[in-house]
Each structure stands twice: as C-alpha cells, then as structure tokens.
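Okay, so here's the structure we're looking at.
Not measured: the values here are computed from a predicted model. A, B, ... follow the sequence lines: proteins, then strands. Residue 1 opens every chain. Just so you know, these numbers use all the heavy atoms, side chains as well, and skip hydrogens, waters and symmetry mates.
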2 protein chains.
Amino acid sequence: MTSLRPDRQPTIYDVAEHARVSKSLVSLVLQGSPKVSETRRLAVLESIETLGYRRSSAAAALAGNRTRTVGVVVEDYRNVWFTDLLDGLQESLNEAGYRIAVSDLQQNSRLDKNPLDGFLSMRAEGIVVATDPTADMMNVHDVPVVMVGTHTRRIPGSDVAANNDRAGGRLATRHLLDLGHRHIGHITTTGGAAIDREAGYDDAMTAARLPAQTAATDVPTEDAAYHATRAYLAAHPDTTALFASNDTAALGVLAAARDAGLRVPADLSVIGYDNSSLAASHLLQLTTVDARSIDVGRAAGLSLVDRLHDAERPPGVALVEPRLVLRKTTASLHVRRG
Amino acid sequence: MTSLRPDRQPTIYDVAEHARVSKSLVSLVLQGSPKVSETRRLAVLESIETLGYRRSSAAAALAGNRTRTVGVVVEDYRNVWFTDLLDGLQESLNEAGYRIAVSDLQQNSRLDKNPLDGFLSMRAEGIVVATDPTADMMNVHDVPVVMVGTHTRRIPGSDVAANNDRAGGRLATRHLLDLGHRHIGHITTTGGAAIDREAGYDDAMTAARLPAQTAATDVPTEDAAYHATRAYLAAHPDTTALFASNDTAALGVLAAARDAGLRVPADLSVIGYDNSSLAASHLLQLTTVDARSIDVGRAAGLSLVDRLHDAERPPGVALVEPRLVLRKTTASLHVRRG
DNA sequence: TTGTAGGCGTTATCAC
DNA sequence: GTGATAACGCCTACAA
C-alpha cells in the first residue's frame with residue numbers, strides 16, 4: 001500500500017511510517033521494552049505484520065554490539081556423542097538467551113581459515129570448542145572459550161567440561177573383573193576419548209595385577225574393530241571378555257565373536273561405551289557405559305554463561321562421571337561356563 | 001603499539017592507520033581485489049595479522065547487502081539421512097561460494113518464531129527446507145527456497161529435490177518377489193518418506209496380484225518396529241519376507257525374527273532402507289536400498305545456486321533414483337526352504 | 001592505483 | 001512515553 005520501493009526488504013523506517021510513529025519507537029517495540037504504550041505497540045506490531053518486516057540481525061548486531069550467539073566448533077557432526085552434547089548446550093544456552101551456531105571442521109573450509117575465525121568475525125560472544133584445537137586456534141582473545149572433552153592441548157584461559165572417560169574405562173573393566181573374568185582384552189580406536197578410556201582399562205587391570213592387552217585400530221570404524229578383534233581372538237584364544245572403546249567398535253566385536261564361533265555372553269562377555277541407541281536395541285542389548293554427554297553439554301553451557309557474566313573468574317574444569325548400563329552381553333564367568 | 005583503545009576489536013580504521021593507507025584500501029585487500037599494489041597488500045596483511053583484526057561480518061553484510069549464506073532447516077539433526085544430505089549441500093554450495101547455516105525445528109525456538117524467521121532476519125540469500133513446512137513457513141517471499149524430500153505441502157515457488165522413495169519401495173518389494181516370495185509384509189513408521197515407500201510396496205504387490213499387508217508404528221523407533229513385527233509375525237505365520245521402511249526399523253525386525261525363532265535369511269528374508277552404516281556392519285550385512293541422499297543434497301544445492309542466478313526460471317523438481325544394495329539378509333525362497 | 005564521502009538498518013543517548 | 005540524532009564497521013561509487 002504505502003510501500004514505495006518495489007522489492008527491498010522493509011526497514012524500521014517503513015514500519016514507523018506505516019504505524020505513524022518514530023523509528024525509535026519501533027526499535028523499542030522490537031526489543032520488548034515495557035515503556036511503550038499498548039496502543040502504539042499494537043499499531044507497530046500490526047504494521048510489522050502487514051509489511052512482512054523482519055529486523056536485520058546484521059544491523060542489530062552492528063548497532064547493539066551484541067549478537068547473543070555462541071559458536072560451537074565440532075569435529076564431525078556425524079559423531080554420536082555430539083548429538084547429546086548439542087542437546088545439553090542448547091538447553092543451557094537457550095535458557096540464558098543465547099542462540100547457537102554450529103560449525104564442523106570441514107565446513108566452509110574454503111571460506112574461512114578455520115571455524116573459529118568465522119565465529120570471531122560474526123562476533124560470537126562465546127565459543128565452545130568440541131574438537132582437538134589446531135595450532136591456529138590457540139590464540140583467541142577477548143572471547144570466552146570452553147573446551148569440551150579431553151584434548152592434547154588447551155586454549156589458554158578456557159574453561160573445560162568433559163566426560164570422565166578414564167573413570168569410565170575403569171568402570172567397564174571393573175565390571176568384567178567383578179564377574180570373575182581374568183583374560184580381558186581391550187579393543188580401542190582413535191581419538192582423545194579412546195586414549196582416556198584405555199588408560200582407565202590399564203588402571204583397573206594393573207590394580208588387579210593382570211596384564212593389559214590392547215588391540216588398536218587406526219580408523220574408528222566398525223570394520224576396523226571387526227578385524228582387530230578377529231586377530232586378537234586368534235592370538236589370545238583364552239579371552240573371556242572384551243571391552244570396546246565405543247559402541248560402534250562393540251558392534252564389530254560382536255560380529256567377530258560370532259564369526260569365531262563364540263556365543264555372547266556364554267563364551268565371551270562384551271561391553272561397549274556410549275550407550276548409543278544401537279546399544280539399547282533389542283537385537284544387541286549391549287552392556288555399555290553411559291558417558292552422560294548431555295550433562296557435559298549442560299555443564300559447558302553453564303560454564304560459558306557464568307564466564308560471560310564474570311570474566312575474571314579463574315578457569316574451571318567440570319568432569320561428568322559415567323554410569324554403567326547393564327544389559328545382556330556380559331555374564332559371570334563361573335555361572336555360564338561351569 | 002599504535003592502538004589507543006584498550007579492548008575494542010580493531011576495525012579497518014585501525015588497520016588502515018597501522019598500515020598507513022586508507023580504509024578503502026584495506027577493504028579492497030579484504031575482498032582480494034586485484035587492483036592493489038603488492039607492497040600495500042602485504043603491508044595491510046601484516047597489520048591485520050599483528051592487530052589480530054577480523055572483519056565484522058555484520059558490518060560487511062549491512063554495507064555489502066550480501067551474506068553469501070544459505071540457511072538449512074531440518075527436522076532433527078539426529079536423522080541419519082540428514083547427514084548425507086548436508087554433505088551434498090555443503091559440497092555444491094561451498095563450491096559456489098556460499099556458506100551454510102543449519103537450524104533444526106526445536107533449536108532456538110524461544111528466540112525465533114521459527115527457523116525460517118531467523119534466516120530471513122539474517123538475510124540468508126537462499127533457504128533449504130528439509131522438513132515438513134508448518135503453516136507459518138508458507139509465505140516466504142523474495143528469497144529462493146528449495147524443498148528437500150516429499151512433503152504434504154509445498155512452499156509456493158520453491159524448487160524440489162527428493163529421493164524417489166516410491167520407486168525405492170517398489171525396488172525393495174520386487175527384489176523379494178524376484179526371490180520367489182509371495183507372503184511379503186511391510187513394517188512402516190511415521191514420516192513422509194515412509195508413506196512413499198509404502199506406496200511403492202503397494203504398487204509392487206498389486207502388480208503381482210498379491211495382498212499388501214502393512215504394520216505401522218506410531219513412533220520411528222527400533223523398539224516400536226520390534227513389537228510391530230512380533231505382532232505381525234504372530235498374525236501372519238506364513239510370512240517369508242519383510243520389508244522395513246528404514247534400517248533402524250529393520251534392526252527391530254531382525255530382533256523380532258530372532259526372538260520368534262526364525263533364522264534370517266533361511267526362514268525369513270529382510271530388507272531395509274537407507275543403506276546406513278548399520279546396514280553395512282559385519283554383524284547385520286543387511287540388504288537394503290540406498291536412497292543416495294548425498295546426491296539429493298547436491299541436487300538441492302545446485303538447484304538453489306541456479307535460481308540465485310536466474311530468479312525467473314520456473315520451479316523444477318529433481319528426483320534421485322534409489323539403488324538396491326544386496327547383502328546377506330535376503331535369499332531365494334526355494335533354495336533355502338526346499 | 002589510491003583516497004573521500006555517503007549510506008546500509010539498527011541501537012543508544014539524549015532531550016522533550 | 002516519545003522522538004531526534006549520533007554511532008556501529010564496512011562497502012562502493014566517485015574523484016583524484
């Protein structure tokens with residue numbers, strides 16, 4: 001109707017004109033300010049509606065000097081645990097009024113030097129790093145960073161939220177020990193979490209004065225775990241229990257056991273890690289360790305919000321303790337074997 | 001050194017001053033313009049480095065009136081096929097110089113009315129809708145939209161890229177028919193894709209003059225598929241083959257078969273859909289249908305780029321044909337049963 | 001090749 | 001409560 005420009009997106013000017021108020025008033029309405037009369041507010045709201053106006057977040061960020069956005073850098077969005085992590089982050093951060101932008105390491109790689117750069121340039125108010133930081137990520141200033149998970153290096157000044165994977169490794173191994181097993185192997189894959197889980201396995205085996213025997217794969221696939229397990233079983237025929245460093249690897253272990261003629265859990269106990277939906281399936285009923293990654297996400301988000309409010313607080317570390325999830329793939333050595 | 005303001009992020013002004021050039025020159029360097037002398041360019045680059053300058057994407061978007069960003073709206077980032085879809089989108093869109101922003105339906109829900117609104121306000125140059133659009137998404141103007149997958153309604157003027165799920169349903173069913181099966185059941189779940197796959201199943205069964213028997217679940221979980229299958233098998237004991245509308249459901253079918261004392265594929269052939277990593281696992285070796293979602297993503301991205309260059313082109317539909325992936329869970333009726 | 005000036009659509013700071 | 005007006009940091013003619 002009143003619009004004179006054919007195509008351009010409407011601005012607050014257009015809205016102001018249509019509602020017969022000033023641009024400032026429109027801005028106040030947009031921000032939900034209480035000091036606007038009901039009459040005017042309604043008029044503005046209606047104009048917004050009929051004009052199809054949307055505030056330009058670029059202009060808002062520029063003028064307001066706030067984006068209310070936190071960036072999340074992730075290794076690979078395919079990762080199972082990332083999904084839980086994101087849920088926890090979403091919950092805590094949205095609660096505090098922040099929106100989330102996700103970027104994986106590959107993503108937009110030909111447009112930004114690295115994901116951090118992208119977030120920095122969009123003036124994210126905080127950053128969650130859920131990956132092993134590369135060298136060029138190490139010098140981030142002026143923006144709070146929380147690192148998620150255990151990594152080889154830590155960005156200076158960052159808070160940390162992580163699963164206690166080492167404790168989880170101990171938990172899994174002790175469970176097998178408690179069932180009477182003595183020949184317990186570990187099938188591990190790549191990545192920081194796997195290293196800690198293996199350390200936990202070593203802890204528990206050493207404490208029990210038993211030899212720790214680990215078979216490592218160089219890629220984190222079910223197929224690699226399958227072949228590693230077949231080889232391991234052939235080399236250690238007296239094995240009665242296997243701890244896989246994640247559920248996907250456990251899937252490979254299960255297949256390898258079957259193909260080696262071993263019944264689970266009668267001949268071989270198997271425990272995984274992650275408590276993925278796969279583990280809960282009727283077909284597998286896999287005993288596993290719940291890393292409680294959603295709680296890690298919550299902790300990370302809370303920690304970030306905290307620091308956003310108090311930049312001086314010394315960096316903290318939040319460790320989330322894992323839980324054992326008992327299902328059907330582990331059994332007592334004596335009962336089943338006689 | 002020359003910086004007078006203690007904390008604020010440096011701007012092109014700071015860079016210009018430090019490099020002893022004008023702000024415009026800095027801007028040109030930032031955009032990689034060829035009409036800048038090598039000396040100056042280097043000077044600017046170095047100043048940028050030492051000052052730790054990052055261009056404000058908000059200011060750039062505001063002034064340049066371009067964001068080079070396309071938004072992707074997805075139902076739930078947990079979805080398996082979304083992962084492939086995103087790969088295809090990433091590839092085609094990054095190639096063309098666009099970055100991708102992802103938002104799922106839940107995400108930031110307390111900050112924006114809906115994800116589309118967020119993208120509109122950030123002035124995304126294009127939008128990919130990979131979910132069933134809600135009513136308030138139907139009136140999007142002035143920004144190209146491509147819808148991914150088959151949905152109940154279509155945003156006016158949008159292009160479409162989709163898997164040919166109906167053809168896939170036929171493909172799976174025909175495979176079972178070709179193996180000699182006649183009592184073929186279908187376990188289906190919720191969602192648009194499942195509806196098409198079921199239609200394909202119906203097509204094939206009807207063409208073979210056989211009764212189509214479908215068991216539907218109301219939630220898309222392995223557990224629901226498990227129980228549906230147990231009930232189906234009890235009601236139809238002469239069943240020799242089952243087509244599950246996705247691999248997760250197939251997992252439930254497999255468990256149900258085992259618990260009913262049926263061997264796969266000797267007593268029961270099972271085919272899934274999606275060709276997920278689960279299907280490829282050594283444990284399952286599940287025969288399935290590859291929907292080629294990565295190609296759908298590519299098609300969607302290409303279609304968007306096309307339209308970005310030519311807004312007048314009439315809306316098009318890109319259908320990606322599925323492929324059969326033969327593994328070990330289906331077998332000929334006669335050979336195995338004798 | 002380089003510099004100048006105006007504007008992009010908001011928010012914020014004032015007066016009224 | 002409401003309305004001017006000055007930033008915000010960058011891009012883009014245009015001029016030199």
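- Taking B/R78 as the reference, A/D87, B/D76 meet the salt bridge (charged side-chain N to carboxylate O under 4.0 Å, His left out) condition, with sequence neighbours excluded.
- Taking atom OH on A/Y13 and atom P on D/dA4, their separation rounds to 11 Å, with Å as the unit.
- Read 5' to 3', the first and last nucleotides of DNA chain C with an atom closer than 4.0 Å to a heavy atom of chain A are C/dG9 to C/dA12.
- Here the side chain of B/D14 pairs a donor or acceptor atom with the backbone of B/T11 at under 3.5 angstrom.
- Within residues 55-64 of chain B, the residues that have a heavy atom under 4.0 Å from DNA chain C are, in order of number, B/L62, B/A63.
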(request) Dump the intermediate steps for side chain to side chain contact (heavy atoms under 4.5 Å, CB included) on A/W81 and A/V148, then the final yes or no. (result) CA-CA 11 Å; A/W81 76 282; A/V148 177; 3.8 Å; yes

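- The stretch residues 26-46 of chain B touches DNA chain C through B/K35, B/V36, B/S37, B/R40, each having a heavy atom under 4.0 angstrom from the strand.
- Taking five base pairs at each end of the helix from C/dT1-D/dA16 to C/dC16-D/dG1 and finding the rotation axis that steps the C1' atoms of four pairs onto the next four gives two axes whose angle is 30°, to the nearest 10°.
- Residues passing the salt bridge (charged side-chain N to carboxylate O under 4.0 Å, His left out) test with B/D159 are B/R307, B/R313, sequence neighbours excluded.
- Using a 4.0 Å heavy-atom criterion, one finds that B/R20 contacts no nucleic acid atom at all.
- Side-chain contact check for B/M137 versus B/I127: every heavy-atom pair is 4.5 Å or farther apart.
- Put simply, NZ on A/K23 is 21 Å from P on D/dC8, counting in whole angstrom units.
- Put simply, CD1 on B/I12 is 6 Å from P on D/dC11, counting in whole angstrom units.
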All N/O donor-acceptor pairs, side-chain side in residues 28-36 of chain B, below 3.5 Å, sequence neighbours left out:
unit_1 : atom_1 : unit_2 : atom_2 : d
B/Q31  : NE2    : B/S27  : O      : 3.2
B/Q31  : NE2    : B/S27  : OG     : 3.0
B/S33  : OG     : B/K35  : N      : 3.2

Using nucleotides 13-16 of chain D, report all nitrogen or oxygen pairs with the protein that are shorter than 3.5 Å.
none

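- Residues A/V102 and A/Y77 have side chains not in contact (no heavy-atom distance under 4.5 Å, counting atoms from C-beta outward).
- Evaluation of the side-chain contact (heavy atoms from CB on, under 4.5 Å) rule for B/S57 yields A/S121, A/M122 as partners, not counting sequence neighbours.
- Between D/dG3 and A/S22, a contact under 4.0 Å exists linking OP1 or OP2 to a side-chain N or O.
- A/N163 has its side chain within reach of A/S293: a pair of non-hydrogen atoms, C-beta onward, lies under 4.5 Å apart.
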Please tabulate, one pair per line, all N/O donor-acceptor pairs under 3.5 Å involving side-chain atoms of residues 45-56 of chain A, not counting sequence neighbours.
unit_1 : atom_1 : unit_2 : atom_2 : d
A/S47  : OG     : A/A43  : O      : 3.1
A/T50  : OG1    : A/S47  : O      : 3.3
A/R54  : NH1    : B/D117 : OD1    : 2.1
A/S56  : OG     : A/A58  : N      : 3.4
A/S56  : OG     : A/A59  : N      : 3.1

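- For the side-chain contact (heavy atoms from CB on, under 4.5 Å) with B/V70, the lone residue among B/V305, B/L304, B/V146, B/V143 that qualifies is B/L304.
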(request) Let me see the working for A/D104 and A/F82 under side chain to side chain contact (heavy atoms under 4.5 Å, CB included), right down to the final yes or no. (result) CA-CA 11 Å; A/D104 76 292; A/F82 162 61; over 6 Å; no

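- Sorted by first then second residue, the salt bridge (Lys or Arg N to Asp or Glu O under 4.0 Å) pairs that include residues 145-156 of chain A, not counting sequence neighbours, number zero.
- In this structure the side chain of A/V128 never reaches within 4.5 angstrom of the side chain of A/I100, judged on heavy atoms.
- Residues forming a side-chain contact (heavy atoms from CB on, under 4.5 Å) with A/D136 (at least two apart in sequence, or on another chain): A/N114, A/T134.
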